[in-house]
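Remember, predicted model here, so these are calculated numbers, not experimental data.
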Amino acid sequence: MKTRVYLDHHAATPVDPRVRAALAALDEAVWANPSSVHAEGRRSRQSLEAAREQVGRAIAAQPADVVLTSGGTEACNLAIAGVLRGEPGPCHVVTSPIEHPAVAEPIAELEQHGAIQVTRLAVSPSEPPAPEALRAALRSDTRLCALQWVNHETGSIFPIAAYAEICRAAGVPLFVDATQGFGKLPLSVLDMNADLVALASHKIGGTAGAGALWVRRGLSLHSVLLGGGQERGRRAGTPDVRSAIAFGIASTLVPERLAAQPRIAALRDQLEAELSALGAEPNAAQGTRVATVTNVWWPGRRADALVAALDIEGLAISAGAACSSGKSEPSPVLRAFYPADPAKAQESIRFSFGSETDENMCKIAVDYCRVVLSRRTG
Ligand SMILES: Cc1ncc(COP(=O)(O)O)c(C=O)c1O
C-alpha cells in the first residue's frame with residue numbers, strides 16, 4: 001500500500017496522541033452539564049475550568065478573560081458582532097481583504113445590511129499593510145479594527161504590535177484573529193496588546209469543536225448566541241466539555257510546537273526548492289512568514305485538478321482555506337495580491353506542515369508531485 005502524506009496542517013493538525021489518550025481515559029462522569037449544581041455537574045465544571053486555565057496559561061492570560069467557544073469561526077464572529085452589537089447606530093470598521101472567511105463574512109454581512117461602513121486596507125504580496133495605512137484609515141466613528149496575525153494561505157505575519165499601538169492611541173478596539181499564529185509563534189496576549197484574540201484547538205493538536213476568544217478585561221462584549229448566561233454572559237449555550245478538555249491539553253503542548261518551528265522551516269525551505277525544480281513558483285508572502293506553509297504557483301495547472309490528482313496519488317494538500325475547498329473559486333487571498341493575474345489564484349496550491357512532518361514525508365510528497373506533473377493534466 002502506498003504511503004499517504006499529510007501536508008495540510010493549516011486546515012487541521014492531527015490530534016496529538018497525548019490528547020487522544022487523555023480523551024480515551026476520560027472518566028465517564030464528565031458528561032454532565034457544567035452549570036448544574038449537583039456533583040456530576042460540578043465535576044464537569046471542574047474539568048471545564050481546568051481547560052480554561054490551561055488555555056489561559058498558554059497565552060499568558062487570566063482564565064476569567066478566556067471565553068470558550070466551539071472553534072475559531074465562532075470566536076471571530078463573537079469578537080465582531082459582540083463588539084458592534086453595542087453600537088447605537090451605523091459605524092466604521094477597518095479590516096483587510098485577506099482575512100479568513102470567519103472574519104470577512106460577518107463583516108461583509110453587517111456591511112450589506114448598512115450597519116457598518118468598512119475600510120479594507122490595501123494589500124500587496126511584498127509586505128503587510130503599513131501601520132501608517134491603518135492610522136490613515138481610522139475615523140472618528142471607527143469602532144473596531146479586525147486583522148489577522150498570520151494568514152492561513154501564505155503564512156504572512158502582520159505587525160500586530162504596531163497596529164495595536166495605533167488602535168490604543170485612537171481608542172479603537174483591535175480584534176486579532178490569531179487562529180493560525182497560535183502554536184507557531186509565541187503568544188502573550190498582553191504583549192500583543194490587542195483587545196480581543198481568537199484561537200482554535202484543531203490548529204494546535206486538539207480536536208475540532210473548541211476555540212476561544214480572549215477579551216481584554218473591561219471591554220464590553222455582547223453574546224451572539226442568546227440564551228443562558230454561560231461564559232459570564234458572553235457565550236450562551238452548554239459548552240462541549242470534552243472538546244474543551246482536549247483544547248486545554250493541546251495548549252499545554254504549545255511549547256513543544258514552538259520548539260519545532262526551526263526544524264519545520266528547514267523542511268519547508270527544502271520542499272520549496274524541490275518544488276521549484278519541478279516548475280513551481282513560490283508565491284510571495286508579504287515579507288516575514290511562519291515556518292509551516294508554502295504557497296506555490298504551477299503556471300498552466302489548475303489547482304483543483306492538481307489537488308484531486310495528488311490526493312489520489314497519496315498526498316493531502318489544499319488550494320486555500322479548507323472551508324472553501326469543494327468550491328472551485330480562486331483563492332481570495334491570491335486574487336487580492338494579484339488582481340491583474342487571475343490565473344495565479346486558480347493555479348496555486350498550499351503545502352502546510354506541522355510538528356509531525358519529517359524529511360521522509362517531504363521526499364515522498366515531491367515524488368508524488370513529480371508523478372502527477374508528468375501527466376498532461378491534473
Ligand atoms: C485564520 C483563520 N481564522 C479562522 C479560522 C476558523 O477556525 P475554525 O475552523 O476553528 O472555525 C481558520 C481556520 O482555518 C483560520 O485559518
Side-chain angles (χ1 to χ4, degrees), residues 67 69-123 128-129 131 133-154 156 158 160 163-164 166-167 170-181 192 194-200 211-216 219-225 234-235 286 320-324 327 329-337 339:
V67 180
T69 67
S70 65
T73 297
E74 191 195 321
C76 293
N77 275 249
L78 175 58
I80 294 160
V83 167
L84 296 175
R85 220 166 245 187
E87 287 303 314
C91 60
H92 176 242
V93 170
V94 178
T95 187
S96 90
I98 58 169
E99 298 299 317
H100 189 275
V103 172
E105 290 299 319
I107 289 179
E109 159 101 357
L110 289 167
E111 185 181 28
Q112 275 157 21
H113 287 95
I116 56 172
Q117 290 183 336
V118 182
T119 300
R120 292 178 180 81
L121 302 174
V123 288
L134 170 60
R135 194 195 305 278
L138 296 178
R139 308 190 327 203
S140 58
D141 63 342
T142 308
R143 293 292 176 268
L144 183 68
C145 185
L147 292 164
Q148 65 194 1
W149 188 18
V150 168
N151 186 264
H152 47 294
E153 291 192 36
T154 64
S156 59
F158 274 18
I160 295 299
Y163 298 158
I166 291 167
C167 288
V172 173
L174 171 64
F175 160 52
V176 176
D177 175 8
T179 307
Q180 286 294 352
M192 183 177 255
D195 297 281
L196 304 119
V197 178
L199 313 170
L213 182 67
W214 173 81
V215 185
R216 182 178 288 281
L219 186 85
S220 153
L221 189 81
H222 293 252
S223 182
V224 169
L225 297 175
R234 296 174 294 187
R235 195 266 181 190
Q286 300 180 295
C323 50
S324 309
K327 295 184 204 165
E329 284 167 22
S331 147
V333 173
L334 296 175
R335 255 186 327 190
F337 282 176

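If you take CG on Leu213 and OG1 on Thr69, they are separated by 7.5 Å, rounding to the nearest 0.5 Å. The CG atom of Leu144 sits 9.5 Å away from the CD atom of Glu87 when rounded to the nearest 0.5 Å. Interatomic distance, CG of Leu134 versus SG of Cys167, reported as 5.0 Å (0.5 Å rounding). Asn151 contributes atom CG, which lies 6.0 Å from atom CZ of Phe337 (distance to the nearest 0.5 angstrom). The distance from the SG atom of Cys76 to the CD atom of Glu105 is 12.0 Å, given to the nearest 0.5 Å. Annotation: the span from His152 atom NE2 to Ile98 atom CD1 amounts to 8.0 Å, rounded to 0.5 Å.
Val176 has its side chain out of reach of Tyr163: every pair of non-hydrogen atoms, C-beta onward, lies at least 4.5 Å apart. You'll find the side chain of Val83 stays beyond 4.5 Å of the side chain of Asp195, heavy atoms only. Side-chain contact check for Ile160 versus Leu174: some heavy-atom pair is nearer than 4.5 Å. Put simply, the side chain of Pro332 reaches to within 4.5 Å of the side chain of Glu153, judged on heavy atoms. For the pair Trp214 and Leu199, the minimum side-chain heavy-atom distance is 4.5 Å or more. The shortest distance between side-chain heavy atoms of Ile107 and Glu99 does not fall below 4.5 Å. A heavy-atom distance below 4.5 Å is not found between the side chains of His100 and Gln180. Side-chain contact check for Arg234 versus Val215: some heavy-atom pair is nearer than 4.5 Å.
Between the side chain of Arg235 and the backbone N or O of Leu225, no donor-acceptor pair lies under 3.5 Å. Judged purely by atom type and a 3.5 angstrom limit, Thr95 uses its side chain to pair as donor or acceptor with the backbone of Ala146.
Nearest approach of Val123 to Pro129, heavy atoms of both residues: CG1-CG, 4.0 Å. Here the closest heavy-atom approach between residue Thr142 and residue Ala137 is recorded as OG1-O, 4.4 Å.
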key: Criterion side chain to side chain contact (heavy atoms under 4.5 Å, CB included) on Leu196 and Leu221, from CA distance to verdict   = CA-CA 10 Å; Leu196 304 119; Leu221 189 81; 3.8 Å; yes

